[in-house]
Amino acid sequence: MCADSSSTPSTFSSDSKFSSTSRKAASVLSHHPERITSGEQARQLAGIGRKIADKIDEFLQTGHLRKLDKIRASDVAVATAELSRVSGIGPAKARQLIDGGVRTLEELRARPELLNRHQTLGLRYVTEFESRIPRQEAAAIERHVLHRVAELDGRYRATVCGSYRRGAESSGDVDLLITHPDYTSDGAETGRRRTVDGAETGRGRSAAGSATARGSGRSAGGRLLGAVVDHLSQDGFVTDTLSQGDSKFMGVCRLPGAQYTTHRRLDIRLVPHDQYHCAVLYFTGSDEFNRQMRAHALEQGFTLNEYGLRPLGTTGVAGEPVPVGSEREVFEYLQYPYRPPEQRNL
DNA sequence: TCGACGGAGGAGGGAG
DNA sequence: CTCCCTCCTC
DNA sequence: GTCGA
């Protein structure tokens, strides 16, 4: 769903604080209206400290950065970046591979035994996952998914969030939120796996414990999400699963039809019914819009997150969540002028 | 000078 | 088996 | 790396 730089709460593509810090600095600089002519001048901006100011001075002086030259020349950094293109491979796995003599995707393809399931799929689809989803195709995916979900059980509610919902002309993936009246946060269903049949114990159960027995020993959430995923797999739309638990599916999909040749990343989250609108609000973003809205909520004496809107007591302790019947109601509670998703691209 | 920086679901593997 | 840790994703 | 306590 990462459209440009700001989508949902997730402008953290690569690693650690360095990434987040320098990203903020870069953002501040790029949005600065005037031309920066000295490190001292840049130093005044939020997120620019001594070190970055020094680097600005060095670049202004010499036209390049020694540190950057060094990184570009480092083959380990290059190999890490290359291997990290694969979904499921992060810094640790990349280092492990490099230590094992694998530095390119080509070399990686020759060593499939080094990869787990997620990484194997990530490698298979690496190029496809790097291509963006045109809005027209995302809309077709939305139609297909909403139709199939409604056909499975009309009580589901589903919304495609992320930059697509904000009207973006292209998206990085499709992020679907679903809910169902049978699944609420107050539930007796707090994730813990219960024994299916209390009476039966011992070796008799071993067969039932088969890994693929979805739907037998499952929480309410697991059944509700699993049923959707199964239904979407039935017609071949969902092609692969990267991971799947009781509340979150991460996988791969492709629409039927000759014009759709590229596999796309699809995430499905099952959200408690009473938290649905706050979750849709949160996962629609943008990051910056969420920050501003949360700040406004605090000024009004509320705390807002993906789980709900709660009043803050005088001591600063959050109270019970305010019942919310729509996204718009969240705005109204906060006396925040309503903005449709297309106007949340901050 | 020092801790926080968003944080949770899921895979996988080790300890008990 | 459960618990807990690291890694990864978003 | 940067910010604020």
Side-chain angles (χ1 to χ4, degrees), chain A residues 1-3 5-29 39 42-56 67 80 83-97 114-123 129 161-163 171-177 185 190-195 201-203 205-206 209 211 217 219 221-222 225-226 229 241-252 265-272 275 279 282-288 290-291 294 303-307:
Chain A
M1 79 175 96
C2 262
S5 53
S6 65
S7 56
T8 6
S10 56
T11 314
F12 300 86
S13 48
S14 31
D15 40 290
S16 72
K17 324 147 197 203
F18 178 75
S19 170
S20 126
T21 302
S22 49
R23 224 169 261 277
K24 179 181 180 185
S27 170
V28 167
L29 286 172
R43 185 73 179 74
Q44 308 307 311
L45 279 44
I48 309 289
R50 198 195 89 234
K51 305 290 274 294
I52 291 183
D54 286 350
K55 284 175 175 54
I56 288 173
K67 192 78 169 284
T80 301
L83 295 170
S84 298
R85 291 170 56 198
V86 175
S87 180
I89 296 182
K93 181 65 182 182
R95 168 161 306 192
Q96 177 190 323
L97 289 168
L114 299 179
L115 302 179
N116 65 22
R117 171 186 173 80
H118 183 153
Q119 292 156 350
T120 299
L121 290 166
L123 179 59
F129 289 171
C161 297
S163 62
S171 308
D173 66 5
V174 174
D175 197 358
L176 180 74
L177 261 56
S185 62
T190 9
R192 276 300 142 249
R193 197 155 294 157
R194 310 152 313 169
T195 44
T201 50
R203 57 194 201 286
R205 284 175 42 76
S206 58
S219 70
L225 178 59
V229 172
T241 298
L242 298 172
S243 65
Q244 178 177 2
D246 286 346
S247 67
K248 190 176 69 177
F249 163 86
M250 297 177 58
V252 188
R265 281 280 293 104
L266 171 69
D267 290 348
I268 306 177
R269 294 167 214 277
L270 176 69
V271 176
Q275 299 178 351
Y282 178 83
F283 286 108
T284 297
S286 67
D287 290 346
E288 184 54 32
N290 285 351
R291 270 191 284 274
R294 273 202 300 266
T303 170
L304 175 67
N305 58 28
E306 63 179 294
Y307 306 117

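Order of the sequence lines fixes the chain letters, A, B, ..., with proteins taken first and strands second; residue numbering starts at 1 for each chain.
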Bracket string, DNA chain B, 5' to 3' - pairs by Watson-Crick or G-U geometry under 3.5 Å, | interstrand: |||||.||||||||||

Residues that Thr80(A) engages under side chain to side chain contact (heavy atoms under 4.5 Å, CB included), provided they are two or more places apart: Val76(A), Ser84(A), Ala94(A), Ile98(A)

Rounded to whole Å, please give me the gap between CG in Leu97(A) and P in dC7(C). 14 Å

Given dT9(C), dC8(C), dG12(B), the nucleotide with the shortest approach to the side chain of Pro91(A): dC8(C)

Rounded distance in Å - CZ (Phe283(A)) to C1' (dC10(C)): 8 Å

When the distance from CE of Met250(A) to P of dA11(B) is rounded to whole Å, what number comes out? 10 Å

Counting only side-chain N and O atoms of Arg95(A), is one of them less than 4.0 Å from OP1 or OP2 of dC7(C)? no

Run the salt bridge (charged side-chain N to carboxylate O under 4.0 Å, His left out) test against Arg85(A) and tell me which residues pass, sequence neighbours left out. Glu82(A), Glu130(A)

Base, sugar-phosphate or nothing for Lys93(A)? Non-hydrogen atoms, less than 4.0 Å. sugar-phosphate

For dT9(C), does either OP1 or OP2 sit under 4.0 Å from a side-chain N or O belonging to Ser243(A)? no

side-chain hydrogen bond (donor to acceptor under 3.5 Å, both in side chains) involving Ser27(A) - partner list, sequence neighbours excluded: His31(A)

Expressed as a whole number of angstroms, how long is the span from Asp175(A):CG to dG9(B):P? 15 Å

For the base of dG6(B), is there a side-chain donor-acceptor partner from Tyr282(A) under 3.5 Å away? yes

Atom CZ of Phe129(A) and atom C1' of dC8(C): how far apart are they, to the nearest Å? 15 Å

According to side chain to side chain contact (heavy atoms under 4.5 Å, CB included), who are the partners of Ile56(A), at least two apart in sequence or on a separate chain? Leu29(A), Ile36(A), Ala42(A), Ile52(A), Leu60(A)

Closest to the side chain of Ser247(A), out of dC10(C), dG10(B), dG12(B), is dG10(B)

Using the heavy-atom set of chain A and a strict 4.0 Å cut-off, write down the first and last nucleotide of DNA chain D that makes it in, 5' to 3'. dG1(D) to dC3(D)

Measure the distance from CD1 on Ile89(A) to P on dC8(C) and round it to the nearest whole Å. 9 Å

Rounding to an integer number of Å, can you tell me how far Gln119(A) CD sits from dG12(B) P? 9 Å

How many whole angstroms separate atom CZ of Arg291(A) from atom C1' of dC5(B)? 12 Å

